[in-house]
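Lettering of chains follows the sequences in order, A, B, ..., and the numbering in each one begins at 1.
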Amino acid sequence: MDRILITSAIPYINGIKHLGNLVGSQLPADLYARYMRARGHEVLFLCATDEHGTPAELAADRAGKPVAEYCAEMWAIQKELADGFGLSFDKYGRSSSAQNHRLTQHLAGRLAEAGLIEEVTENQLYSGTDGRFLPDRYVEGTCPECGYERARGDQCENCTKQLDPIDLIEPRSAISGSTDLEMRETKHLYLKQRNLRQQLSDWIDSKTDWPILTTSIARKWLDDGDGLQDRGITRDLDWGVPVMRGDKPWPGMEGKVFYVWFDAPIEYIACAKEWTDGRGAEDAEWERWWRTDKGADDVRYVQFMGKDNVPFHTLSFPATIIGSGEPWKLVDYIKSFNYLNYDGGQFSTSLGRGVFMDQALDILPADYWRWWLLSHAPESSDSEFTWDNFQASVNKDLADVLGNFVSRVTKFCRSRFGGTVPSGGTPGPGEEALIARLEAGLKAYETHMEAIEIRKSAAELRALWTAGNEYLQAAAPWTAYGKDPDRAAVAVRLALNLIRIYAVISAPFIPDASARMLDALNSSDTAWPSEMGDALAVLQPGHAIEVPDMLFRKITDDERETWRAQFAGTRD
RNA sequence: GGGCCCGUAGCUCAAUUGGUUAGAGCAGAGCGCUCAUAACGCUUUGGUUGGGGGUUCGAGUCCCUCCGGGCCUACCA
């Protein structure tokens, strides 16, 4: 049995996440976690909300609430939606937790002791009306190059020219529109990543099995221009982890907080402590996952994230870990994703474009979404959600191939064998061929799942479902029933057992439907079908089964058109 | 501007890292079956691999160039 630590990129707190966010980290992470648990491995699967930073403060302002209250409410909403999608986190933590505060401050202190922190005084634009320093993106004005009036302080979206906020003509706050901006001096801490460049570079080079998307982004940051740059790790904000040097004050840094990207990945660790603290368990229990001096040596740590997160996970966070000089677990494998687009454009949280997690669950159960999203995961390039494709895939794969198989087998069993697993007969060449087919397919499925090749896994799983229909067609128990009841009995007995196997191997993708399949079979046996012959004999003759309610219904053309129209604009 | 990724059948994607005649699923066409959610099975039509040039015995794969899409470019997260 292996031990596998899995983290999903932690979703930002400022609103409900859309399906693109979901498929970019949390959902594939859940698939992997469920699969590894099903294979008997010990899994710790962690996620949390990422709560700090300017956008959280602004979102709270808009909601007219104190930021702490806003975040607490949004955490509860995101937690409920995660549960709704069946995301099987062992702990859904918060980056604002006391555990993360302490650990972030501790690691900053360690980095300072190691000489890896530098204090830098710099000038930054301050808005009197807003009462805050403005990040470059929050300054708007007229582009000096092209005259575009809504250019941002970091870049003009019209002519793509990179800008400095002071270049803008008539700069104003993007938050309030105020123009009382002034340059103010402010002091910040920088993490001296340059000092760790060679170590990080060697470490990345050693990861030859990582997706090219992951390593190419890391290499770009390591090698571009003057190479890896030092990074500011503090901000002038109210909401965040107060800058402290361990448990001591940090002179000159009063009133400042750590940069959200400094504390957010640390929450992966702190979340594990939240996990044990919440149950009154010993620290040793979480430390055996995270401390290589306390049992984490044999842990395989896998992270899931969208491509925009890669630099922070390949460089900044490892720099924090390595620089601390403490024996924290480093990531072993990073699975990164491209973006899912929505019907010809991008999903957008700020514009409210696309389908959001709450809306998705309002119109269909989680399994429909899980199946489509995972079987179309944007692994090799950006992919696109369209209602036509969604309807076609769900109807064909889930309703026709899998759902109908369960239906035809259980109903036939009910009408001809009184709803019990029939006895009699012995397997013949047809059954032997099926077993060989299933063994080969299952092996391919396992290989793909272990390599986290998600679309290939889904395709192989679907092929295994199809094999059941092929077998049934060839065995034709409805024909055999009249002249050779034993032949029919063999086929139905096998097909019923096949449903149990489908339930077990499909559970990582469609956990709710899998549970309903097992319910219908009156079975709680979730043993992985490592020996196919044995697995096809789990349900013994005489065992009573039921016909389940329709496993997956079809999406009608009317529904498709209704939803297409309903989600064509932006949410309020 | 720079860097990276992508472009394969009407649609969604493969192609053992340069090796036979580029494969699946969906959609389309035909046949079969009647247990089943108008479902299932079998057969089958679709390709100048974005354009052009080059290297090679051999290129979807490597190089150059052009076109198109996307991401990043360090103070959004």
Novice: According to the Watson-Crick and G-U wobble definitions, with both distances under 3.5 Å, which nucleotide is paired to A77(B)?
Specialist: none
Novice: Toward the 5' end of RNA chain B, which comes first, Ala467(A) or Gly53(A), by nearest nucleotide?
Specialist: Ala467(A)
Novice: Answer with yes or no after comparing the ring centroid distance for Phe417(A) and Tyr481(A) against a 6.0 Å cut-off, counting only values under it.
Specialist: yes
Novice: Please give the distance between the C1' atoms of U17(B) and A36(B) as a whole number of Å.
Specialist: 44 Å
Novice: Is Arg455(A) salt-bridged to Glu379(A), going by a charged N under 4.0 Å from an acidic O?
Specialist: yes
Novice: Send over the distance from Asn404(A) CG to G41(B) C1', rounded to a whole Å.
Specialist: 12 Å
Novice: Could you work out the separation of G19(B) and C26(B) based on their P atoms and round it to a whole Å?
Specialist: 29 Å
Novice: Can a side chain N or O of Tyr471(A) be found less than 4.0 Å away from OP1 or OP2 on G41(B)?
Specialist: no
Novice: Would you mind classifying the nucleic acid contact of Ser415(A) as base, sugar-phosphate or nothing, using non-hydrogen atoms under 4.0 angstrom?
Specialist: nothing
Novice: Write down the atom of Asp130(A), the atom of Ser178(A), and the distance for their closest heavy-atom approach.
Specialist: OD2-OG, 3.9 Å
Novice: Using a 3.5 Å distance criterion without hydrogens, assess whether the side chain of Tyr368(A) forms a donor-acceptor pair with backbone atoms of Arg553(A).
Specialist: yes
Novice: Does Arg462(A) place a side-chain N or O at less than 4.0 Å from the phosphate oxygens OP1/OP2 of C26(B)?
Specialist: yes
Novice: Is the phosphate of C76(B), meaning OP1 or OP2, less than 4.0 Å from a side-chain N or O of Arg137(A)?
Specialist: yes
Novice: Using the P atom as the point on both nucleotides, what is the distance between A29(B) and U34(B), in whole Å?
Specialist: 23 Å
Novice: Hey, which of these two, Trp221(A) or Asp382(A), hits RNA chain B nearer its 5' end, going by closest nucleotide?
Specialist: Asp382(A)
Novice: Let me know the distance between CD of Glu453(A) and P of A24(B), rounded to the nearest Å.
Specialist: 20 Å
Novice: Does a side-chain N or O from Arg231(A) land closer than 4.0 Å to OP1 or OP2 of C75(B), or not?
Specialist: yes
Novice: Please give the distance between the P atoms of C75(B) and G70(B) as a whole number of Å.
Specialist: 25 Å
Novice: Would you say Lys554(A) places a side-chain N or O within less than 4.0 Å of OP1 or OP2 belonging to A39(B)?
Specialist: yes
Novice: Any side-chain N or O of Lys456(A) below 4.0 angstrom from OP1/OP2 of A15(B)?
Specialist: yes
Novice: Please name the nucleotide paired to G32(B) by Watson-Crick or G-U wobble geometry with both distances under 3.5 Å, or report none.
Specialist: C40(B)
Novice: When the P atoms of G23(B) and C6(B) are considered, how many whole Å apart are they?
Specialist: 22 Å
Novice: Does the gap between the ring centers of Phe390(A) and Trp369(A) come in under 6.0 Å?
Specialist: yes
